[in-house]
Amino acid sequence: MEQARLYNILINPQGEVCIMLKPLSPYESEISNPEIVYDGGENAVLYRNNKDAVILDYIPVEESKIIFSADKILFVEYDIKSDSILREYFANLVKVKKLMDFGEDFVSREELDSQLSQLGLISK
């Protein structure tokens, strides 16, 4: 399972949700029956297919309520190096009572900010 390092949550006036994933390297696998598993907290898991999952971490409280009320979410995979959209697809939202613990491989918010700053993707 991979942790999303950089993503944006966009919500239009109608409450429709789009999540723009910006991986440091484009995902190589194809999309097949994507689903997002979410408990309404600060983390969610996007299953791009049966084998590949992406953790969406540190979801702000304001957006979490809107995401949790959605039936499906538009995902846009964006290549930051070529400044282009690679894929767009809808993922059905699967609501759960509690997500699993992600363990030691989970990068803390401070570590994430430091890594992105070093890559010049955010400024401190």
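Quick note: residue numbers are just sequence positions, from 1.
Rounded to the nearest 0.5 angstrom, Leu56 CG and Glu42 CD are separated by 12.0 Å. Taking CG from Leu74 and CE from Met20, the interatomic distance works out to 8.5 Å, rounded to the nearest 0.5 Å. Between the CD1 atom in Ile59 and the NZ atom in Lys65 there is a gap of 14.0 Å [rounded to 0.5 Å]. To the nearest 0.5 Å, atom NZ of residue Lys51 and atom OG of residue Ser29 are 10.0 Å apart. We find the CG-NZ distance between Asn43 and Lys98 to be 9.0 Å, quoted to the nearest 0.5 Å. Rounding to the nearest 0.5 angstrom, the gap separating the CG atom in Leu46 from the CD atom in Glu2 is 10.5 Å.
A donor-acceptor contact closer than 3.5 angstrom is absent between the side chains of Asp79 and Ser84. Checking Asn49 against Glu30 by side-chain atom types alone, no donor-acceptor pair falls below 3.5 Å.
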Do Glu16 and Ile11 pass the side chain to side chain contact (heavy atoms under 4.5 Å, CB included) test, and can you show the C-alpha distance, the side-chain angles, and the key distance before you say yes or no?
-> CA-CA 6 Å; Glu16 298 168 321; Ile11 302 169; over 6 Å; no
Residue pair Leu24, Ile80: steps toward the side chain to side chain contact (heavy atoms under 4.5 Å, CB included) verdict | CA-CA 7 Å; Leu24 299 180; Ile80 57 177; 4.1 Å; yes
Please walk me through it: do Ile73 and Phe90 pass side chain to side chain contact (heavy atoms under 4.5 Å, CB included)?
-> CA-CA 5 Å; Ile73 296 174; Phe90 282 98; over 6 Å; no
Any chance you could lay out the side chain to side chain contact (heavy atoms under 4.5 Å, CB included) test for Cys18 and Glu88, step after step, and finish with the verdict?
-> CA-CA 10 Å; Cys18 172; Glu88 294 181 36; over 6 Å; no
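Minimum heavy-atom separation, Gly41 to Ser64: O-CB, 3.8 Å. Across Ile36 and Ala91, no two heavy atoms sit closer than the pair N-CB, 4.2 Å. Counting all heavy atoms, side chain and backbone alike, Gly15 lies closest to Ile66 at O-CG2, 3.8 Å. For the residue pair Lys97 and Asp39, the shortest heavy atom distance occurs at O-CB, 3.8 Å. Across all non-hydrogen atoms, the minimal contact from Phe68 to Leu93 is O-CD2, 3.6 Å. Summarising the geometry of Ser69 relative to Lys95, their closest heavy-atom pair is CA-NZ, 4.2 Å, with the distance given to 0.1 Å.
Environment of CD in Glu28: sparse, with no more than 12 heavy atoms of neighbouring residues, nucleotides or ligands closer than 6.0 Å. More than 12 heavy atoms of other residues, nucleotides or ligands sit less than 6.0 Å from atom CG of Asn12.
In this structure, the side chains of Asn92 and Asp71 stay at 4.5 Å or more apart for every pair of heavy atoms. Between Val96 and Tyr38, the closest side-chain pair of non-hydrogen atoms is not below 4.5 Å. Here the side chains of Ser32 and Asn50 are not in contact, with every heavy-atom distance at 4.5 Å or above. Between Tyr27 and Leu86 the shortest side-chain heavy-atom distance does not fall below 4.5 Å.
Hydrophobic clustering of Ile, Leu, Val, Met, Phe, Trp and Tyr side chains at less than 4.5 Å, counting indirect connections, keeps Val45 apart from Val17. In the hydrophobic cluster analysis, where Ile, Leu, Val, Met, Phe, Trp and Tyr join through side-chain heavy atoms closer than 4.5 angstrom, Leu21 is grouped together with Ile9. With hydrophobic clusters built from ILVMFWY side chains whose heavy atoms lie under 4.5 angstrom apart, Tyr47 shares a cluster with Ile55.
Proximity of a side-chain donor or acceptor of Arg87 to a complementary backbone N or O of Ile31 within less than 3.5 Å is not detected.
For the pair Lys22 and Tyr7, the NZ or CZ position fails the cation-pi test of under 6.0 Å to the six-membered ring centre and within 45 degrees of the ring normal.
Classified by interplanar angle (parallel below 30°, tilted 30° to 60°, perpendicular above 60°), the ring pair Phe75/Tyr89 is parallel.
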